[in-house]
Chemist: 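Quick one: this structure, given as structure tokens, is what I'll be asking you about.
Order of appearance sets the numbers: ligands from 1, and atoms from 1 within every ligand. Start at 1 with the first residue, then count along the sequence.
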Amino acid sequence: MRIDLHTHTRASDGTQTAEELVRAAKAAGLDVLGLTDHDTAEAWEPAERAAEEVGIALVRGMEISTRHLGRGVHLLAYLPDPTYPPLVAQLRKILDGRSSRVPAIVERLQEAGIGIDLADVRRAAHGTAATGRPHVADALVSLGVVPDRSTAFRQYLNPGRPAYVNRYAAPLVETMRVVIESGGVTVLAHPWGRHGPDSLPPDAIAELAGLGLAGLEVDHQDHRPEDRQRLREIAETLSLVVTGSSDHHGLGKHDHELGCNTTAPDQYERLIALAEASAARSGRETPGVVG
Ligand code: AMP
Ligand code: FE
Ligand code: FE
Ligand code: ZN
């Protein structure tokens, strides 16, 4: 069993359609694919159809942009009821915060002497609701300003660079509660991806475990081997599920190929069992695994 629980489509900042992603996952030999676009369930329907067609199990989820202890934290939500009104409202707020700052980013780029306008970004965003810095980066690539997304972030879009503009992110603890109430389960995406253990200290992880966190994404390309080891130990101590995933973005991120990290079958079974228990407690109509 090969299980990859964290991937993106063009509904957020991946470069593949849902159909392309599902077919690519099948071709890469995956048995289970987790679809986790940033802050949107837009690709769920086409992905479900494609998964049934090609014969692959599909776990529908999302990666929610939150903030905790002054830092950005990405929260993976698996199998939530996407129609639960508080969840819908929170996602709306995040998406609005992300896209409403794009004009300010474009203005700063113009002030830096770059000939870019909003239409360039809109073209790069393919109509996604999750329009953000990755699409500004794509516009800069198509204008020939930078060779790739990473360079665009490094030179212009990261904090401290000339075109960085802050945005709204949802409070982590409140968002976890909303996801759980909606019948889903929560996993911290790449918890030590940015600054190693300083990103989120072990005692903060323990506190989140007490609030119903289900798992930690341990095997991720942004984690160093020593951090993976330490996170695995923390997960074991706290009885958290350990996941491993590619965080595939199509051509949008290098070195994140489908299946480059995977989740162990026993950990996957635990995660799904926890999701089923959460769904039962919520009394809501939740999506369930396709296939
Ligand atoms: P935003 O939500 O508009 O602030 O954009 C954040 C998203 O940009 C993240 O979720 C990443 O997927 C993507 N991103 C951040 N840094 C990079 C990078 N260096 N290269 C490619 N994508 C990136
Ligand atoms: Fe992304
Ligand atoms: Fe992320
Ligand atoms: Zn991701």
Chemist: Sort out for me which residue in Leu188, Leu172, Val173, Ile94 forms a side-chain contact (heavy atoms from CB on, under 4.5 Å) with Thr66.
Modeler: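 The option that passes is Leu172.
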Chemist: Answer side chain, backbone, both or neither: which part of Arg154 comes under 4.0 Å from ligand 1, heavy atoms only.
Modeler: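 For Arg154, there is no contact with ligand 1 at all, from either part.
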Chemist: Can you pull out the closest protein heavy atom to atom 3 (O) of ligand 1? Residue, atom name and distance to 0.1 Å, please.
Modeler: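 Answer for atom 3 (O) of ligand 1: Arg133 N, 2.8 Å.
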Chemist: Judged by modelled atom types alone, do Arg98 and Ser65 share a side-chain donor-acceptor pair under 3.5 Å?
Modeler: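 Yes, a side-chain donor-acceptor pair sits under 3.5 Å.
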Chemist: Do the ring centers of His74 and His190 come within less than 6.0 Å of each other?
Modeler: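 Centroid distance His74-His190: below 6.0 Å, so yes.
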Chemist: Restricting to N, O or S atoms, which atom of Glu63 is closest to the Zn ion (ligand 4)?
Modeler: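 Considering only N, O and S atoms, Glu63 comes nearest to the Zn ion (ligand 4) through OE1.
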Chemist: Looking at Arg230, Arg224, Arg232, which one forms a side-chain contact (heavy atoms from CB on, under 4.5 Å) with Arg228?
Modeler: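 With Arg228 as partner, side-chain contact (heavy atoms from CB on, under 4.5 Å) holds for just one option, Arg232.
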Chemist: Decide, yes or no, whether a salt bridge links Glu20 with Arg10 under the criterion of side-chain N to carboxylate O below 4.0 Å.
Modeler: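 Salt bridge absent between Glu20 and Arg10.
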Chemist: Looking at the Zn ion (ligand 4), which N/O/S atom of Asp247 is the nearest one?
Modeler: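 The atom in question is OD1.
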Chemist: Students should be able to answer this: which protein heavy-atom is nearest to atom 7 (C) of ligand 1, and at what distance?
Modeler: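 I find the closest protein heavy atom is Pro134 CG, 3.7 Å.
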Chemist: Does a donor on one side chain and an acceptor on the other come within less than 3.5 Å for Thr286 and Asp81?
Modeler: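 There is no such pair (donor and acceptor under 3.5 Å, judged by atom type) between the side chains of Thr286 and Asp81.
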Chemist: At under 4.0 Å between heavy atoms, is it the side chain or the backbone of His8 that contacts ligand 1, or both, or neither?
Modeler: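 No part of His8 is near ligand 1 at this cut-off.
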Chemist: Can you sort out which atoms of ligand 1 are near His74, meaning under 4.0 Å from one of its heavy atoms?
Modeler: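 Listed by number with element: 10 (O).
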Chemist: From Glu217 CD over to Leu240 CG, what is the distance, rounded to the nearest 0.5 angstrom?
Modeler: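 Result: 13.5 Å between the selected atoms.
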Chemist: Do me a favour and list the nearest non-hydrogen protein atom to atom 21 (C) of ligand 1 with residue, atom name and distance?
Modeler: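 Looking only at protein heavy atoms, the one closest to atom 21 (C) of ligand 1 is Gly252 O, 3.8 Å.
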Chemist: Counting from 1, what ligand 1 atoms have a heavy atom of Gly132 closer than 4.0 Å?
Modeler: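 Result: 3 (O).
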Chemist: Which residues pass the salt bridge (charged side-chain N to carboxylate O under 4.0 Å, His left out) test with Arg270, not counting sequence neighbours?
Modeler: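 Here no residue qualifies.
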Chemist: Is the closest heavy-atom distance from His249 to ligand 1 below 4.0 Å?
Modeler: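 Heavy atoms of His249 do come under 4.0 Å of ligand 1.
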Chemist: Using every non-hydrogen atom in the two residues, find where Leu5 and Thr36 come nearest and quote the distance to one decimal.
Modeler: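 Scanning both residues completely, I find the closest heavy atoms to be O-CG2, 3.6 Å.
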Chemist: Do the ring centers of His256 and His220 come within less than 6.0 Å of each other?
Modeler: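 When the ring centroids of His256 and His220 are compared, they turn out to be within the sub-6.0 Å range.
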Chemist: Is it true that Glu181 and Arg177 have a side-chain N and a carboxylate O under 4.0 angstrom from each other?
Modeler: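 Yes, Glu181 and Arg177 are salt-bridged.
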Chemist: Can you check the angle at the Zn ion (ligand 4) formed by NE2 of His8 and NE2 of His6? Round it to the nearest 10°.
Modeler: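 Value, to the nearest 10 degrees: 100°.
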Chemist: Please list, in number order, the atoms of ligand 1 under 4.0 Å from a heavy atom of Arg167.
Modeler: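 The atoms of ligand 1 under 4.0 Å from a heavy atom of Arg167 are 1 (P), 2 (O), 4 (O).
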Chemist: Can you pull out the closest protein heavy atom to atom 10 (O) of ligand 1? Residue, atom name and distance to 0.1 Å, please.
Modeler: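 Result for atom 10 (O) of ligand 1: His38 CE1, 2.9 Å.
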Chemist: State, to 0.1 Å, how close Gly115 and Asp120 come at their nearest heavy-atom pair, and which atoms those are.
Modeler: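 Smallest heavy-atom distance, with atoms named: O-OD2, 4.3 Å.
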Chemist: Write out the residue and atom name of the closest protein heavy atom to atom 12 (O) of ligand 1, then the distance separating them to 0.1 Å.
Modeler: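 Checking every protein heavy atom, the shortest distance to atom 12 (O) of ligand 1 gives Asp13 OD2, 2.8 Å.
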Chemist: Starting from atom 23 (C) of ligand 1, what is the nearest protein heavy atom, named by residue and atom, and what distance separates them?
Modeler: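 Here the closest protein heavy atom is Phe153 CE1, 3.4 Å.
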Chemist: Around atom CD of Glu285, are there more than 12 heavy atoms of other residues, nucleotides or ligands at under 6.0 Å?
Modeler: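 For Glu285, atom CD is not crowded (no more than 12 foreign heavy atoms under 6.0 Å).
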Chemist: Does the N or O separation between Asn158 and ligand 1 drop below 3.5 Å for any pair?
Modeler: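 Between Asn158 and ligand 1 (N or O atoms, distance only) the closest approach is not under 3.5 Å.
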Chemist: Report the part of Arg101 in contact with ligand 1, treating N, CA, C, O as backbone and CB onward as side chain, heavy atoms under 4.0 Å; options are side chain, backbone, both, neither.
Modeler: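 Answer for Arg101: side chain.
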Chemist: Taking all non-hydrogen atoms of both residues, which atom of Gly288 and which atom of Arg60 are closest, and how far apart?
Modeler: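 Reported closest heavy-atom pair: O-NH2, 3.1 Å.
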Chemist: Could you name all protein N, O or S atoms found under 2.8 Å from the Fe ion (ligand 3)?
Modeler: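 Protein N/O/S atoms under 2.8 Å of the Fe ion (ligand 3): Glu63 OE2, His74 ND1, His190 NE2.
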Chemist: May I ask you to check whether His248 and His8 place their ring centres under 6.0 Å from each other?
Modeler: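 When the ring centroids of His8 and His248 are compared, they turn out to be at least 6.0 Å apart.
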Chemist: Nearest protein heavy-atom contact for atom 2 (O) of ligand 1: which residue, which atom, what distance?
Modeler: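 Of every protein heavy atom, Arg98 NE, 2.7 Å lies nearest to atom 2 (O) of ligand 1.
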